[in-house]
Novice: 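Pasting a structure below so you can have a look.
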Number of protein chains: 2
Amino acid sequence: MQGRPTINDVAQAAGVSKSAVSYALSGRGRIGAETRERVLAVAAELGWQPSQQARGLSSSRTYAVGLVFARPAELIGADPFFAPFIAGVEAELSHHKYALLSQVIVGGEAEEEEGYRRLVSGGRVDGMILTDLRDFDPRIGLLRDLGMPYVAVGRPMQAIDGPAVSNDDSASVTSAVDHLADLGHQRIAQVSGSRALVHGLERERAFHRALAARGLYAGTVIPGDFTGQSGAEGMSALLGLSPRPTAVIFANGLMAIAGMQEAARQGVSVPADISVVALDDNPIAPFVTPALTAVHTDVLLWGSLSARTIMAWIEGESDTSDVTLTSELVVRGSTAPPPSP
Amino acid sequence: MQGRPTINDVAQAAGVSKSAVSYALSGRGRIGAETRERVLAVAAELGWQPSQQARGLSSSRTYAVGLVFARPAELIGADPFFAPFIAGVEAELSHHKYALLSQVIVGGEAEEEEGYRRLVSGGRVDGMILTDLRDFDPRIGLLRDLGMPYVAVGRPMQAIDGPAVSNDDSASVTSAVDHLADLGHQRIAQVSGSRALVHGLERERAFHRALAARGLYAGTVIPGDFTGQSGAEGMSALLGLSPRPTAVIFANGLMAIAGMQEAARQGVSVPADISVVALDDNPIAPFVTPALTAVHTDVLLWGSLSARTIMAWIEGESDTSDVTLTSELVVRGSTAPPPSP
DNA sequence: CTGAAAGCGCTTACAG
DNA sequence: CTGAAAGCGCTTACAG
């Protein structure tokens with residue numbers, strides 16, 4: 001016996017059959033308590049852990065979940081979502097002996113599709129977690145056709161027969177607008193992220209609803225793409241407007257920080273002349289000058305809930321209903337009352 | 001035939017044996033060119049992809065590599081290393097049909113060890129990539145005892161019988177010191193990251209060597225821990241010194257940005273009163289005010305080289321020598337000549 | 001050049 | 001309550 005011990009080694013050492021060892025471990029009855037204890041003791045002594053690979057082959061399972069994450073090169077290191085999200089996913093998966101096959105890809109939709117194909121076609125995973133959901137996302141049809149369980153991170157437009165775990169983007173935007181309106185702002189603009197993503201659209205609609213609810217006129221929306229550059233360009237465009245908005249809501253922290261830099265470059269002071277809020281928080285946000293007011297989401301929890309949901313589907317539990325998280329506005333230094341006219 | 005097609009389906013459809021299909025795919029000779037083409041055509045038509053699980057079981061391999069990454073909660077979203085590193089790893093692995101099992105953990109050394117145990121003991125991986133190398137890192141002995149191939153990301157202190165893929169930290173520090181010395185700085189300080197990590201020690205030694213080489217007196221080194229808060233505290237401590245340093249080198253971008261905020265809070269201007277350099281770049285660095293001068297490493301490449309190295313060991317190639325990357329100083333707005341006395 | 005067979009390390013109905 | 005056997009989908013010496 002060299003290398004990892006196998007179930008045969010344990011069976012022999014304990015003087016029982018292979019099946020007895022298997023049943024002892026899974027605890028699926030059919031074995032005496034005394035025998036079971038002995039087998040378990042022997043297994044522990046030999047340091048035996050069942051091969052997930054063999055286990056998977058015979059049970060037609062992999063005990064692994066897949067996650068593909070595609071970003072353009074400029075964003076790959078700047079996105080504060082990925083690491084805590086998979087940390088949350090794994091905290092939950094590891095309790096149930098599941099592993100995560102996460103694929104990070106530099107690129108866009110095409111590269112992402114390729115990543116899916118790789119994970120699914122190699123038979124490596126029992127289910128997939130879908131992030132960056134797009135309207136009428138083709139991946140959903142693909143996975144359904146393959147009979148592969150999935151969970152959508154974000155609520156898609158189309159009706160799907162799978163569960164979604166979403167952040168309440170509408171509430172996030174509303175909290176930002178309300179905060180600014182409470183400070184007295186009347187001209188509020190938005191620099192959005194990608195409109196192709198589900199939550200981009202949702203946020204834009206929520207923006208207009210929230211303004212209307214406060215009796216404010218429709219705000220300008222400048223399209224962006226989550227990069228710092230698009231944040232700076234958005235700010236620049238807004239500063240050229242007349243009358244100029246007194247507050248701007250950016251899709252994420254990177255855009256907001258770049259927007260503040262652009263304002264500084266043009267001699268416009270944040271928050272004295274213009275207030276700034278980000279819809280996604282960033283760990284650097286407290287440390288820039290002024291510290292950035294942002295809507296904060298518990299991304300770790302988001303990951304955990306996604307993991308729990310996909311495992312429930314894989315294990316055939318019927319409890320695969322949708323889950324919604326809510327975010328919280330964190331007021332820091334980049335928002336203040338508008339300048340007096 | 002429902003679900004994924006198997007090798008049997010292909011064999012039957014092509015009118016050959018299972019082994020013929022297997023040989024056709026692997027191309028390991030022993031099959032006629034004509035037969036081979038026909039088999040491949042049938043496989044493509046049925047959309048057959050060999051199950052990596054079954055393949056692995058019979059060849060005592062998993063075709064997967066593991067990577068564990070542990071960070072305290074404050075840093076998990078702020079670290080610009082992880083995502084591009086695994087993107088680089090995967091770009092390389094996927095060419096060779098390897099998958100990456102990456103485990104992200106919120107926590108420290110203890111939680112990290114547990115992550116290793118999980119990946120290795122479940123027989124999920126053929127090799128491991130070790131990041132955040134510590135002096136005399138216990139993981140190296142552990143993996144050696146298990147006969148598990150590994151690659152060290154960073155060159156460890158102890159002699160190891162495995163390969164290392166390292167950034168030349170000494171050159172990074174030297175380029176930062178030289179840049180500041182060229183600008184005329186004479187009192188240069190450092191706020192370090194964790195001294196427990198290999199590259200922390202290396203950087204501190206290189207700092208003193210580089211100063212000596214320029215004929216400058218030993219600089220103050222304030223210990224930090226990679227968090228923004230420790231960056232702010234480090235800056236605060238340095239501003240209290242008399243005479244005060246005119247330039248500070250921080251271990252990473254987050255610390256440097258927080259340090260600049262602290263300087264601003266105390267009415268000290270960057271770079272007019274004090275220059276700031278970061279030893280690890282951050283995608284936000286160009287967008288803060290002033291834009292942060294930093295030493296930039298090609299993390300994607302680092303990941304690719306690490307992947308290539310671990311695969312070489314797994315495949316039994318003898319070419320597993322060490323690899324060294326060098327970084328490049330990117331001068332932005334946070335460095336300038338020192339104030340006139 | 002090709003096929004039949006054993007085996008990788010498990011799980012799980014099926015007999016006793 | 002427990003064991004012997006088949007089978008998961010591949011790979012790879014071994015015969016022909």
Side-chain angles (χ1 to χ4, degrees), chain A residues 1-40 42-43 46-64 97 120-126 315, chain B residues 1-40 42-43 46-64 97 120-126 315:
Chain A
M1 182 193 120
Q2 53 179 358
R4 294 160 42 84
T6 74
I7 197 173
N8 264 321
D9 299 320
V10 177
Q12 229 170 318
V16 296
S17 71
K18 278 173 17 179
S19 10
V21 177
S22 180
Y23 284 124
L25 197 81
S26 71
R28 225 163 289 171
R30 296 178 38 74
I31 191 171
E34 192 187 336
T35 319
R36 173 152 196 250
E37 299 240 320
R38 187 158 45 87
V39 170
L40 255 29
V42 171
L46 295 181
W48 175 69
Q49 294 276 74
S51 153
Q52 298 300 316
Q53 190 152 230
R55 209 183 147 213
L57 187 58
S58 67
S59 56
S60 298
R61 294 273 296 279
T62 65
Y63 301 97
K97 300 264 183 193
V120 172
S121 70
R124 295 244 192 211
V125 297
D126 294 331
E315 310 273 352
Chain B
M1 183 192 121
Q2 53 178 358
R4 294 159 43 82
T6 73
I7 196 173
N8 264 321
D9 299 321
V10 177
Q12 228 170 319
V16 296
S17 71
K18 279 174 15 180
S19 11
V21 177
S22 181
Y23 285 124
L25 198 82
S26 72
R28 226 163 288 172
R30 297 178 36 74
I31 191 171
E34 192 187 334
T35 320
R36 172 151 198 252
E37 299 240 321
R38 186 159 45 85
V39 170
L40 255 30
V42 170
L46 296 181
W48 176 70
Q49 295 276 73
S51 153
Q52 298 300 316
Q53 190 152 231
R55 208 181 148 214
L57 187 58
S58 67
S59 56
S60 297
R61 294 273 296 279
T62 65
Y63 300 97
K97 301 265 184 191
V120 172
S121 69
R124 295 249 193 206
V125 296
D126 294 331
E315 309 273 352

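Quick note: numbers below take in every heavy atom, side chains included, and nothing from hydrogens, waters or symmetry partners. Chain naming here is simple, since letters A, B, ... match the order of the sequence lines and numbering starts at 1 in each.
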Novice: Which nucleotide sits closest to the side chain of B/Ser17: D/dG3, C/dG3, D/dG9?
Specialist: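 Nearest to the side chain of B/Ser17 among the choices is C/dG3.
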
Novice: As a test of reading the structure: which of D/dT12, C/dC10, D/dG9 is closest to the side chain of B/Ser19, going by heavy atoms?
Specialist: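 Looking only at side-chain atoms, B/Ser19 lies closest to D/dT12.
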
Novice: Picking from D/dT2, D/dC8, D/dC10, which would you name as closest to the side chain of B/Trp48?
Specialist: D/dC10

Novice: Round to the nearest Å and state the distance from B/Arg55 atom CZ to D/dG9 atom P.
Specialist: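 In whole Å, D/dG9 P lies 17 Å from B/Arg55 CZ.
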
Novice: Which whole-number value in Å describes the distance from A/Arg4 CZ to C/dC8 C1'?
Specialist: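 From A/Arg4 CZ to C/dC8 C1': 12 Å.
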
Novice: Looking only at side-chain N and O atoms, does B/Ser22 come under 4.0 Å of OP1 or OP2 in D/dC10?
Specialist: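 The answer is no; no side-chain N or O of B/Ser22 sits under 4.0 Å from OP1 or OP2.
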
Novice: Mind checking whether B/Val21 and B/Trp48 have side chains closer than 4.5 Å, heavy atoms only?
Specialist: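 Of all side-chain heavy-atom pairs linking B/Trp48 with B/Val21, at least one is under 4.5 Å.
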
Novice: Taking only the side-chain nitrogens and oxygens of B/Ser51, find out if one of them lies under 4.0 Å from OP1 or OP2 of D/dG9.
Specialist: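 The answer is no; no side-chain N or O of B/Ser51 sits under 4.0 Å from OP1 or OP2.
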
Novice: Under 4.0 Å: is that the gap between some side-chain N or O of A/Thr35 and OP1 or OP2 of D/dT2?
Specialist: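 Answer is yes, contact under 4.0 Å.
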
Novice: Expressed in angstrom and rounded to an integer, what is the separation of B/Gln53 atom CD from D/dC8 atom P?
Specialist: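 Going from B/Gln53 (CD) to D/dC8 (P), I get 14 Å.
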
Novice: Would you say the side chain of B/Arg61 lies within less than 4.5 Å of the side chain of B/Asp126, judging by non-hydrogen atoms?
Specialist: yes

Novice: Please pick, from C/dG3, C/dC10, D/dG9, the nucleotide with the shortest atom-to-atom distance to any side-chain atom of B/Ser58.
Specialist: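 For B/Ser58, the side-chain atoms sit closest to D/dG9.
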
Novice: Paired with D/dA13 by Watson-Crick or G-U wobble geometry, both distances under 3.5 Å: which nucleotide is it?
Specialist: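 Pair assignment: D/dA13 / none.
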
Novice: Expressed in angstrom and rounded to an integer, what is the separation of A/Ile7 atom CD1 from D/dT2 atom C1'?
Specialist: 14 Å

Novice: Return the CD to NZ distance between B/Gln52 and B/Lys97, rounded to the nearest 0.5 Å.
Specialist: 6.5 Å

Novice: Where do A/Leu25 and A/Arg36 come nearest, in terms of heavy atoms and distance?
Specialist: O-NH2, 4.3 Å

Novice: What is the separation between atom CG on B/Leu46 and atom P on D/dG9, rounded to the nearest whole Å?
Specialist: 15 Å

Novice: Counting heavy atoms from C-beta on, name the nucleotide in C/dG3, C/dT11, C/dG7 closest to the side chain of A/Ser59.
Specialist: C/dT11

Novice: Take atom CG of A/Asp9 and atom C1' of C/dC10, then tell me their distance rounded to the nearest Å.
Specialist: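 Rounding to the nearest Å, CG of A/Asp9 and C1' of C/dC10 are 13 Å apart.
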
Novice: Is A/Arg55 close enough and on-axis enough to A/Tyr63, meaning under 6.0 Å and within 45°, for cation-pi?
Specialist: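 Judged by the rule, A/Arg55 and A/Tyr63 form a cation-pi pair.
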
Novice: Within this structure, what is the CG-to-P distance between B/Leu57 and C/dT11, rounded to whole angstrom?
Specialist: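 Going from B/Leu57 (CG) to C/dT11 (P), I get 12 Å.
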
Novice: Toward the 5' end of DNA chain C, which comes first, A/Val21 or B/Ser60, by nearest nucleotide?
Specialist: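 The answer here is B/Ser60.
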
Novice: Of the nucleotides C/dC10, D/dT12, D/dT11, which one has an atom closest to the side chain of B/Tyr23?
Specialist: D/dT12

Novice: How many whole angstroms separate atom OH of A/Tyr63 from atom P of C/dG9?
Specialist: 18 Å

